[in-house]
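It should be emphasised that the depicted structure is a prediction, and the values quoted were computed from it without experimental measurement. Labels below follow one simple rule: chain letters A, B, ... track the order of the sequence lines, proteins then strands, and each chain is numbered from 1.
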Protein chains: 2
Amino acid sequence: MTAHSHAKPDLTKNQGLVFGALTGAEGPLTAYAILDLLRDDGFRAPLQVYRALDKLVEIGLVHRLESLNAFVACSHPVDCGEHKTAAFAICEDCGKVDEFAPDAALQSLQAWSRQEKFALAKTTIELRGTCANCTTS
Amino acid sequence: MTAHSHAKPDLTKNQGLVFGALTGAEGPLTAYAILDLLRDDGFRAPLQVYRALDKLVEIGLVHRLESLNAFVACSHPVDCGEHKTAAFAICEDCGKVDEFAPDAALQSLQAWSRQEKFALAKTTIELRGTCANCTTS
DNA sequence: CCTATAACGTAACACTATAACATTTCGGAG
DNA sequence: CTCCGAAATGTTATAGTGTTACGTTATAGG
């Protein structure tokens with residue numbers, strides 16, 4: 001294991017480009033928005049974006065926002081292990097997304113699952129509203 | 001207010017048909033699945049379905065499942081007032097959806113919102129996994 | 001009756017995602 | 001080094017989801 005190889009498992013060219021687009025963006029991006037951003041880098045078809053996104057989500061570097069059909073770069077430090085359980089507060093004014101770890105909420109949902117014998121695989125928690133910055137101004 | 005007018009605010013023909021399709025279904029339905037079910041009733045275009053769904057969701061008789069792009073009839077008794085805050089457990093085996101009120105989780109998310117000065121408008125909580133019935137068999 | 005509003009009908013279109021198939025890249029076994 | 005298999009990539013076509021635009025019909029209130 002070299003000094004370079006432990007954080008991001010050596011993204012491929014396309015994965016790196018897509019991840020770069022997401023980290024460079026202010027907020028979430030749709031797959032087609034990413035495609036447009038990467039035309040100059042040789043991207044031609046949605047599948048190129050979706051394939052990279054699939055891997056990035058699997059690795060845990062990117063999250064999918066179900067209520068937006070869009071994607072954001074994960075804001076956690078690497079290897080946080082919480083990628084399956086993050087929550088998101090989405091500002092409907094400015095479009096920015098705040099990722100956080102909803103520990104208590106999660107515990108209560110896990111408790112419900114135990115009680116109902118529901119084998120929980122993944123939780124989706126997305127809050128819609130107006131962020132502090134947009135409320136002020 | 002008459003004896004008839006308080007529960008379901010007099011659905012229109014299309015709204016009634018769409019709501020009927022959803023209550024008659026085992027699990028959630030996509031808009032296009034509803035459209036196909038209602039061809040014989042004169043439905044021709046997706047917009048007819050979407051317009052009815054919009055109203056039904058607004059009224060609180062139907063919920064949208066963001067992670068499925070699908071819709072389910074609300075399982076609460078009428079006028080429960082919790083339509084903005086329901087949670088859903090979606091079985092990936094049989095496709096059935098269990099709606100419940102995630103009180104504790106909700107409180108914790110509301111507390112987070114207060115602390116972050118995030119003006120919470122709507123919460124989306126969807127659990128994916130395997131239901132008790134499917135785990136057994 | 002008249003009018004304003006909501007609901008409806010239809011066609012076209014835009015956005016999101018995947019299927020199918022060919023080709024290339026790249027790391028490891030021999 | 002060469003060969004091979006797995007993963008990644010490229011391209012076209014298509015499936016699935018949702019909206020715009022425009023015109024018509026139904027309905028409730030004055």
Please report, to 0.1 Å, the donor-acceptor pairs under 3.5 Å made by any side chain of residues 28-41 of chain A, with sequence neighbours excluded.
{"unit_1": "A/T30", "atom_1": "OG1", "unit_2": "A/A33", "atom_2": "N", "d": "3.1"}
{"unit_1": "A/D36", "atom_1": "OD1", "unit_2": "A/R39", "atom_2": "NE", "d": "3.4"}
{"unit_1": "A/D36", "atom_1": "OD1", "unit_2": "A/R39", "atom_2": "NH2", "d": "3.3"}

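- Note that the first and last nucleotides of DNA chain C, 5' to 3', having any atom under 4.0 angstrom from a heavy atom of chain A are C/dT16 to C/dA20.
- For the residue pair B/E99/B/S75, the side-chain donor-acceptor check at 3.5 Å is satisfied.
- Taking a 4.0 Å limit (strictly below) on heavy-atom distances, residues 26-51 of chain A reaches DNA chain C at A/T30, A/Y32, A/L47, A/Y50.
- Annotation for A/F88 and A/L65: closest pair CG-CD2, 3.5 Å, computed over non-hydrogen atoms.
- The minimum heavy-atom distance linking A/C131 with A/C91 is given by the pair N-SG, 3.4 Å.
- Among all heavy-atom pairs drawn from B/L109 and A/P102, the shortest one is CD2-CB, 4.1 Å.
- Between the two ends of the helix from C/dC1-D/dG30 to C/dG30-D/dC1, each summarised by a five-pair axis, the helix axis turns through 30° (rounded to 10 degrees).
- Residue pairs meeting the side-chain hydrogen bond (donor to acceptor under 3.5 Å, both in side chains) criterion with at least one member in residues 109-120 of chain B, sequence neighbours excluded, do not occur.
- A distance-only check finds a donor-acceptor pair linking the side chain of B/E126 to the backbone of B/E66 [under 3.5 Å].
- Side-chain atoms of A/Q48 come within 3.5 Å of backbone N or O of A/A45 as a donor-acceptor pair.
- With values rounded to the nearest 0.5 angstrom, B/C94 atom SG is found 9.0 Å from B/E26 atom CD.
- In the 5' to 3' direction, nucleotides of DNA chain D lying under 4.0 Å from heavy atoms of chain A begin and end at D/dA8 to D/dT12.
- The shortest heavy-atom contact between A/L127 and A/F100 is CD2-CZ, 4.0 Å.
- Taking each heavy atom of A/N14 and A/A52 in turn, the nearest pair found is O-CB, 4.0 Å.
- Sparse packing is recorded around CG of A/N133, with 12 or fewer heavy atoms of other residues, nucleotides or ligands lying under 6.0 Å away.
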